[in-house]
Amino acid sequence: MTFEEFLQTAFSPVNTVLSILLILAVLYWVFTIVTGLDIDVGFDADLDMDMDTPDGQVHVAENPSPWIQFLTFLDLDIVPIAYFLTISLFFTWLGSFYIEAFASFQVWVSALLVFPLFMGSIFLTKLLLKPLKPFFREINHKGERPHDFLGRTGRLKSTIHGNKIGILEIFIGSDPMTLMVKSKGGEKIEYGETVFIVDEDPNRKYFYVATEIRF
């Protein structure tokens with residue numbers, strides 16, 4: 001296959017979107033490696049999760065929603081979603097590329113095949129990353145004692161209000177960590193806001209945060 005044929009296949013009507021997304025993913029990782037900064041990749045959803053204090057590991061509560069169960073099945077409570085999505089996207093693009101290059105399906109058939117390819121890529125990514133779970137658990141949870149978090153600041157990775165549990169990202173030195181948090185007093189705090197850790201749940205399952213420390 002010549003380079004021109006490669007480009008024609010990569011940017012065919014079916015593969016154009018996948019190719020652009022893959023290019024953006026590569027640019028994201030290049031930017032992250034060069035600058036050391038991390039572009040927010042978050043989601044706003046009800047998180048039925050608890051945090052086990054001995055090791056800081058995130059666990060799913062007793063009655064999680066089907067969506068949370070699916071995310072946990074994919075190990076996304078441990079593996080960073082940016083890693084997972086990038087690898088899944090690459091496998092989807094690779095499968096679609098070879099189907100386009102070596103099969104003569106009509107455009108609509110090839111487009112329909114993208115969905116099962118993506119689902120297959122998700123499960124393949126889960127299997128490939130499974131041996132790395134201890135590594136991701138280690139870099140995400142450094143085992144600091146819970147009371148060490150009080151007074152620290154971080155950025156919310158999801159909007160919280162009332163009894164809704166969300167994710168807070170903080171840095172211990174240069175190491176990122178994620179904690180389960182609730183809004184102190186139930187006030188609404190938007191995704192991306194900087195907040196203070198002001199209290200801890202008596203059962204040590206999550207922390208309380210506020211946009212400012214009130215005396």
Side-chain angles (χ1 to χ4, degrees), residues 1-49 58 60 64-137 139-140 155-159 166-167 169 176 178 190-192:
M1 176 181 291
T2 65
F3 183 68
E4 182 178 354
E5 291 173 334
F6 170 82
L7 289 179
Q8 288 178 349
T9 305
F11 290 95
S12 68
V14 175
N15 292 332
T16 297
V17 174
L18 291 175
S19 296
I20 292 174
L21 290 175
L22 191 59
I23 290 171
L24 291 176
V26 171
L27 292 176
Y28 162 80
W29 288 113
V30 170
F31 177 84
T32 301
I33 292 170
V34 171
T35 65
L37 299 176
D38 188 14
I39 302 173
D40 286 337
V41 178
F43 56 90
D44 185 7
D46 287 323
L47 298 174
D48 306 308
M49 297 181 180
V58 176
V60 177
S65 65
W67 172 244
I68 294 299
Q69 290 183 42
F70 179 67
L71 295 180
T72 305
F73 169 74
L74 296 178
D75 299 324
L76 291 178
D77 54 334
I78 299 173
V79 177
I81 192 171
Y83 288 94
F84 194 95
L85 287 179
T86 301
I87 297 173
S88 298
L89 177 61
F90 172 73
F91 285 134
T92 304
W93 176 87
L94 197 64
S96 183
F97 179 88
Y98 277 106
I99 287 176
E100 191 79 4
F102 299 107
S104 57
F105 295 123
Q106 294 184 8
V107 173
W108 68 271
V109 175
S110 298
L112 287 177
L113 288 174
V114 171
F115 180 74
L117 281 173
F118 180 66
M119 295 304 299
S121 298
I122 285 177
F123 292 110
L124 179 59
T125 302
K126 168 186 165 62
L127 292 176
L128 289 177
L129 292 180
K130 189 172 183 179
L132 297 178
K133 284 173 60 177
F135 168 75
F136 286 119
R137 184 181 288 114
I139 65 174
N140 284 327
R155 293 186 64 192
L156 281 175
K157 294 295 185 180
S158 57
T159 299
I167 296 177
E169 181 185 59
T178 55
E190 299 289 345
Y191 165 86

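- Thr92 OG1 to Phe115 CZ: the interatomic distance, rounded to the nearest 0.5 Å, is 11.0 Å.
- Taken to the nearest 0.5 Å, the CG atom of Leu129 stands 8.0 Å off from the CG atom of Asp75.
- Between Thr16 and Phe11, the closest heavy-atom pair is OG1-O, 3.0 Å.
- For the atom pair CD (Glu190) and CG (Leu156), the distance works out to 9.5 Å, reported to the nearest 0.5 Å.
- Met119 CE to Ser88 OG: the interatomic distance, rounded to the nearest 0.5 Å, is 10.0 Å.
- Nearest heavy-atom pair, Tyr191 versus Ser158, reported as atom, atom and distance to 0.1 Å: CD1-N, 3.5 Å.
- Residues that satisfy the side chain to side chain contact (heavy atoms under 4.5 Å, CB included) test with Val107, not counting sequence neighbours, are Pro13, Val14.
- Of the possible donor and acceptor atoms, one in the side chain of Lys126 sits under 3.5 Å from a partner among the backbone N and O of Phe73.
- At a threshold of 4.5 Å between non-hydrogen side-chain atoms, the residues Phe84 and Ile122 count as touching.
- Ring geometry for Phe70 versus Phe123: interplanar angle over 60°, hence perpendicular rather than tilted (30 to 60°).
- Nearest heavy-atom pair across Arg155 and Gly192 is NE-O, 3.3 Å.
- Residues that satisfy the side chain to side chain contact (heavy atoms under 4.5 Å, CB included) test with Tyr98, not counting sequence neighbours, are Leu94, Phe102.
- Residue Asn15 comes nearest to Phe97 through the heavy atom pair ND2-CA, 3.8 Å, listed as atom of the first residue, atom of the second, then distance.
- For the atom pair CG (Leu124) and CZ (Phe90), the distance works out to 10.5 Å, reported to the nearest 0.5 Å.
- You'll find the side chain of Leu22 stays beyond 4.5 Å of the side chain of Leu18, heavy atoms only.
- Classified by interplanar angle (parallel below 30°, tilted 30° to 60°, perpendicular above 60°), the ring pair Trp29/Tyr83 is tilted.
- Using a 4.5 Å heavy-atom cutoff, the side chains of Ile99 and Leu117 are in contact.
- By the neighbour-count criterion of 12 heavy atoms within 6.0 Å, atom CZ of Phe118 is sparsely surrounded, having that number or fewer from other residues, nucleotides or ligands.
- The nearest pair of heavy atoms linking Ala82 to Thr86 is O-OG1, 2.7 Å.
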